[in-house]
Amino acid sequence: MRTRHHLAGVATLAASLWLAGCHSGPPPLYDWGPYQAGLYEQFKGTGNGPEARIGPLEDHLRATQGSGRQVPPGYLAHLGYLHLLAGHNDQAARYWDMEKQAFPESRVFMDFLLKNLHRQEKQP
């Protein structure tokens, strides 16, 4: 009888340790903040215009940079796109430059966007 209680206690302890291990681990690599929800709303067609989406993303970017965390790939590029939609071409170019600095694998696409942006600015 005593062995049975001992085994039940050991099993409970093992299960507790296993569950505790499931919740621990390295912190997330990126801080997504409002990015995913805003993107979902945009593609669903229920979100506000670009001006309304820029503010929360920029606020989150400042908070993330201040804490030493990193935004995910595409975050800065999307911010640039929102600025482009809002007619802020200089800001669009700035964020696309930031994206290619933070994520060098995006360089080819960001350079393509920048080239097209500059080409459009030169057209009458």
Side-chain angles (χ1 to χ4, degrees):
M1 189 64 102
R2 193 168 172 100
T3 304
R4 206 185 269 176
H5 288 299
H6 180 66
L7 288 176
V10 169
T12 303
L13 178 62
S16 298
L17 290 173
W18 180 77
L19 286 174
C22 290
H23 295 289
S24 64
L29 186 57
Y30 302 112
D31 188 344
W32 294 84
Y35 177 61
Q36 291 173 307
L39 200 58
Y40 175 73
E41 290 299 319
Q42 178 183 344
F43 287 122
K44 198 167 101 175
T46 59
N48 297 323
E51 293 280 350
R53 292 192 306 265
I54 289 171
L57 289 175
E58 286 184 338
D59 290 343
H60 178 258
L61 177 62
R62 280 189 292 278
T64 301
Q65 290 172 331
S67 69
R69 296 173 302 187
Q70 187 175 5
V71 293
Y75 190 102
L76 299 166
H78 188 71
L79 249 173
Y81 173 67
L82 291 174
H83 275 288
L84 180 70
L85 292 178
H88 311 146
N89 292 359
D90 290 343
Q91 287 293 90
R94 181 175 150 251
Y95 281 114
W96 291 341
D97 279 329
M98 289 171 64
E99 177 78 20
K100 71 181 185 178
Q101 293 301 318
F103 303 100
E105 63 274 15
S106 70
R107 179 173 301 279
V108 172
F109 184 55
M110 293 301 105
D111 285 342
F112 169 77
L113 294 177
L114 289 163
K115 181 179 175 183
N116 284 330
L117 177 65
H118 296 309
R119 185 181 300 148
Q120 285 179 351
E121 289 175 346
K122 291 179 183 178
Q123 290 180 352

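Side chains included, hydrogens not; waters and symmetry mates left out as well; all remaining heavy atoms used.
Every side chain to side chain donor-acceptor pair (under 3.5 Å) that H60 has, sequence neighbours left out, goes to D31, T64, Y75. Every residue was checked against the side chain to side chain donor-acceptor pair (under 3.5 Å) condition with D90, not counting sequence neighbours, and none meets it. Checked against side chain to side chain donor-acceptor pair (under 3.5 Å), E58 has the following partners two or more places apart in sequence or in another chain: H83, Y95. For the side-chain contact (heavy atoms from CB on, under 4.5 Å) test, residues two or more places apart in sequence or in another chain that qualify with N89 are L84, L117, E121.
M98 and I54 end up in the same hydrophobic cluster when Ile, Leu, Val, Met, Phe, Trp and Tyr side chains are linked at under 4.5 Å. Both L61 and L39 are assigned to one and the same hydrophobic cluster, defined by single-linkage of ILVMFWY side chains at heavy-atom distances under 4.5 Å.
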Point to revise | Evaluation steps, side-chain contact (heavy atoms from CB on, under 4.5 Å), between H88 and L82 | key: CA-CA 9 Å; H88 311 146; L82 291 174; over 6 Å; no
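Side chains of H78 and L57 form a contact here, defined as non-hydrogen atoms less than 4.5 Å apart.
Of all non-hydrogen atoms in P50 and A86, the two that sit nearest each other are CG-N, 4.2 Å. Closest of all the heavy-atom pairs between Y35 and P72 is CD2-CG, 4.2 Å. P34 and P56 get closest at one heavy-atom pair: CG-O, 4.0 Å.
Pairs passing the side-chain hydrogen bond (donor to acceptor under 3.5 Å, both in side chains) check and including a residue from residues 96-108, sequence neighbours excluded, read K100-D111. Applying the ring-ring contact (aromatic ring centres under 6.0 Å, His included) test to pairs two or more places apart or on separate chains, none has a residue in residues 97-122.
In this structure, R69 CZ and L29 CG are separated by 12.5 Å, a value rounded to the nearest 0.5 Å. A distance of 5.0 Å separates CG of L113 from CE of M110, quoted to the nearest 0.5 Å. Between the CZ atom in R119 and the NZ atom in K122 there is a gap of 9.5 Å [rounded to 0.5 Å].
Ring geometry for W32 against Y30 counts as perpendicular: the plane angle is over 60°, on a 0 to 90° scale with 30° as the lower cut.
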